[in-house]
Protein chains: 2
Amino acid sequence: MALDPDLAARLKRNADGLFTAVAQERSTGTVLMVAWMDDVALERTLATRKGTYYSRSRQEYWVKGETSGHTQYVHDARLDCDGDTVLLVVDQIGAACHTGNHSCFDTESLEFDTESLEFDTEPLEFDSGAQQFGDQDGPAGVDAAREPVDPAQ
Amino acid sequence: MALDPDLAARLKRNADGLFTAVAQERSTGTVLMVAWMDDVALERTLATRKGTYYSRSRQEYWVKGETSGHTQYVHDARLDCDGDTVLLVVDQIGAACHTGNHSCFDTESLEFDTESLEFDTEPLEFDSGAQQFGDQDGPAGVDAAREPVDPAQ
């Protein structure tokens, strides 16, 4: 099967025909990994609900977890505003990272050059009660927590 | 100031000297946007805590919110396992997307080719109580919700 033509028309690919895929865990919101897809990888993902990517180094498709058992059940998929990134909301079995870490971003925080910067906003209050992943209202279901939007850019 | 040499050595850049940056909202876990950085953009981000990116189309640096007021205060930054993506955990003021949407992924869900697939895992239980963004234990603070890790890949 080929990718839906309307969807294919929305995609903005790089010179190699690839676009970015971000996998986010549905139950926690954790960003698990970032990889590449082409049209075929996306079509297979949408046909199987298994996260399927394209490896530039190996020049082949890979189904996440096919060898490790650490599969991704794809719950939701969305393109971003300009069509060059797809966000997958997934149920991740085991580790998403080939290192054995749950997330590829389970790494040390980078050091900021200064901790004493002036900044004109206060950090938002942490409010775990407002979080609700996996509903149908948004990629991470956060409509209720949204700031009022100023459409003027 | 130049980027810390140890950090620069960890980065894996594409042919244009760029790598992927994912901005995630700290309070909600929402993936807000995906953009490009080079060493300078990352250094400026770490020096100012303002999300700073590189525009391929305009071939210039841009500080998120500089014209719109929709700034990003960068709370945490991490490289992924292979150094080609940085995850920024941010406090987003107003809309992250140039469309006026809160997130660039506030788009319609893609259609899956079938809803009746066999899949050998049950979706995980939704458990909002386990979520805790913004702590120091992980990019989205989900240590407590992690699956047991099987290091065999």
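Protein chains get the first letters and strands the later ones, always in sequence-line order, with residue 1 at the start of each. From a predicted model like this one, the values you see are computed outputs, not experimental measurements.
Of the two parts of A:Asp84, only the side chain, counted from C-beta on, holds a non-hydrogen atom closer than 4.5 Å to a non-hydrogen atom of chain B. Proximity to chain A (any heavy atom under 4.5 Å) is restricted, for B:Leu7, to the side chain, taken from C-beta onward.
A donor-acceptor pair under 3.5 Å is absent between the side-chain atoms of A:Thr107 and the main chain of B:Arg78, judged by distance alone.
Open room surrounds CD on B:Glu108; 12 or fewer heavy atoms of other groups in view lie less than 6.0 Å from it.
Follow the hydrophobic side-chain contacts under 4.5 Å out from A:Met33 and you never reach A:Trp36; the two are in separate clusters. Under the 4.5 Å side-chain heavy-atom criterion for grouping Ile, Leu, Val, Met, Phe, Trp and Tyr, B:Tyr61 is not connected to B:Met37 through any hydrophobic cluster. Under the 4.5 Å side-chain contact rule for hydrophobic residues, B:Leu11 and B:Tyr53 share a cluster. One hydrophobic cluster, built from ILVMFWY side chains closer than 4.5 Å, cannot hold both B:Tyr54 and B:Leu3; they sit in different ones.
Taking all atoms of both residues into account, the shortest heavy-atom contact from A:Phe105 to B:Leu79 is CD2-C, 4.0 Å. Taking every heavy atom of both residues into account, B:Gln24 and A:Gly29 meet most closely at NE2-O, 2.7 Å.
Listed by sequence position, A:Thr20, A:Val22 are the residues of residues 16-23 of chain A in contact with chain B, using a 4.5 angstrom heavy-atom cutoff.
Applying the side chain to side chain contact (heavy atoms under 4.5 Å, CB included) criterion to B:Ala77, with sequence neighbours excluded, gives A:Leu110, A:Phe112, B:Leu46, B:Val86, B:Leu88.
With chain B as the partner, the residue from A:Val90, A:Asp80, A:Asp82 showing the most heavy-atom pairs under 4.5 Å is A:Asp80.
Between the CG atom in B:Asn14 and the CZ atom in A:Arg56 there is a gap of 7.5 Å [rounded to 0.5 Å].
Residues A:Glu43 and B:Asp113 meet the side-chain proximity criterion, which asks for heavy atoms closer than 4.5 Å.
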